[in-house]
Chemist: 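Below is a structure I'd like to ask you about.
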Amino acid sequence: MAEGLMKKFYGTGTYVQSAGVRNDLEIDGFCVAVCEELGVEISRHRSRSFEEMEEMGEVLSSFDVVVALSPTSRNLAESLTKGFHTDLEYWPIMDPTAKGEGREAKLAAYREARDQIIAQITAHWGAPQEGT
């Protein structure tokens, strides 16, 4: 969600790449649904692991900022960026995957996580650019 929201809000002037502790072959349908509500298309997105990014030539030391959204990703990012001039930020976003019973309750949990991400993004980088 965070990558799609960043691209929607600020365009392609800043390079944004999602990564995580593991790669997921398919994107979560609830993520797709709550992002579509805001006109953010992420249905073709695929999460990459930090290791997969390295294999593809994406070196973490070349990033200005790494944002971790979970304690596990924060711990891994800390170990992988140790000694680099890369800022590491931790945004403790609620994990919606284990919340809610039924479709509507799950969507509400995913909206809450999406809105937490939006609040963090806009607090750090300002209001979305017009025309994006």
Side-chain angles (χ1 to χ4, degrees):
M1 282 194 280
E3 178 183 347
L5 292 163
M6 281 289 294
K7 289 178 177 177
K8 173 73 174 177
F9 291 174
Y10 308 107
T12 57
T14 300
Y15 182 71
V16 178
Q17 177 63 61
S18 304
V21 176
R22 65 180 195 282
N23 62 350
D24 294 321
L25 296 177
E26 297 200 20
I27 188 158
D28 186 309
F30 289 110
C31 286
V32 172
V34 299
C35 284
E36 281 180 355
E37 293 173 351
L38 302 180
V40 177
E41 168 57 46
I42 62 169
S43 64
R44 294 174 298 176
H45 179 78
R46 187 172 82 83
S47 248
R48 293 164 187 81
S49 67
F50 288 115
E51 290 80 16
E52 187 177 12
M53 282 183 61
E54 293 274 338
E55 290 170 7
M56 296 172 63
E58 298 284 350
V59 182
L60 285 177
S61 63
S62 67
F63 286 85
D64 295 323
V65 178
V66 172
V67 177
L69 303 180
S70 73
T72 304
S73 64
R74 177 192 59 199
N75 294 340
L76 182 56
E78 282 175 344
S79 69
L80 293 173
T81 59
K82 189 174 247 171
F84 298 156
H85 294 285
T86 302
D87 291 336
L88 175 60
E89 294 191 21
Y90 173 52
W91 300 349
I93 303 300
M94 177 204 59
D95 178 4
T97 58
K99 302 269 184 188
E101 292 293 325
R103 179 173 170 74
E104 288 309 311
K106 287 219 171 270
L107 283 170
Y110 277 78
R111 286 181 188 113
E112 183 179 347
R114 176 201 63 199
D115 294 346
Q116 288 176 357
I117 293 168
I118 290 170
Q120 289 286 352
I121 288 172
T122 57
H124 285 77
W125 287 287
Q129 296 175 353
E130 288 188 38
T132 56

Chemist: Tell me every residue that passes salt bridge (charged side-chain N to carboxylate O under 4.0 Å, His left out) with E37, counting only those two or more places apart in sequence or in another chain.
Modeler: R111, R114

Chemist: Hey, is the main chain of M94 close enough, under 3.5 Å, to the side chain of Q116 for a donor-acceptor pair?
Modeler: yes

Chemist: Partners of Y90 by side chain to side chain contact (heavy atoms under 4.5 Å, CB included), sequence neighbours excluded?
Modeler: A68, P71, R74, P92

Chemist: E41: what forms a side chain to side chain donor-acceptor pair (under 3.5 Å) with it, not counting sequence neighbours?
Modeler: S43

Chemist: To the nearest 0.5 angstrom, please state how far the CG atom of D64 sits from the CZ atom of F84.
Modeler: 13.5 Å

Chemist: Got W91 and I121 here, is their nearest side-chain heavy-atom distance under 4.5 Å?
Modeler: yes

Chemist: Give the minimum heavy-atom separation between I117 and L5, together with the two atoms involved.
Modeler: CG2-CD1, 3.9 Å

Chemist: Nearest 0.5 Å, what's the CE-SG distance between M1 and C35?
Modeler: 6.0 Å

Chemist: What's the shortest heavy-atom distance between Y10 and Q129, and which atoms?
Modeler: O-OE1, 3.3 Å

Chemist: Side chain of K99, backbone of K106: donor and acceptor closer than 3.5 Å?
Modeler: no

Chemist: Give me each pair satisfying ring pair (Phe, Tyr, Trp, His ring centres under 6.0 Å) with a member in residues 92-113, each pair once, sequence neighbours excluded.
Modeler: F30-Y110

Chemist: Quick one: pull up CD1 in I118 and CD in Q120 and give me the separation to the nearest 0.5 Å.
Modeler: 11.5 Å

Chemist: With sequence neighbours excluded, tell me which residues meet side chain to side chain donor-acceptor pair (under 3.5 Å) with T97.
Modeler: D95

Chemist: Report the residues that fulfil side chain to side chain donor-acceptor pair (under 3.5 Å) with S70, sequence neighbours left out, ordered by chain and then residue number.
Modeler: S73

Chemist: In chain order, what residues pass the side chain to side chain contact (heavy atoms under 4.5 Å, CB included) check against S18, with sequence neighbours excluded?
Modeler: E3, H45

Chemist: Checking A33 now: which residues fulfil side chain to side chain contact (heavy atoms under 4.5 Å, CB included) with it, not counting sequence neighbours?
Modeler: L107

Chemist: Measuring from atom CG of L38 to atom CG of D115, what distance do you get when rounded to the nearest 0.5 angstrom?
Modeler: 7.5 Å

Chemist: Measuring from atom CG of N75 to atom CG of L80, what distance do you get when rounded to the nearest 0.5 angstrom?
Modeler: 11.0 Å

Chemist: How far apart are the closest heavy atoms of A113 and I93, and which atoms are they?
Modeler: O-CG2, 3.9 Å

Chemist: What's the shortest heavy-atom distance between T81 and A77, and which atoms?
Modeler: OG1-O, 2.7 Å

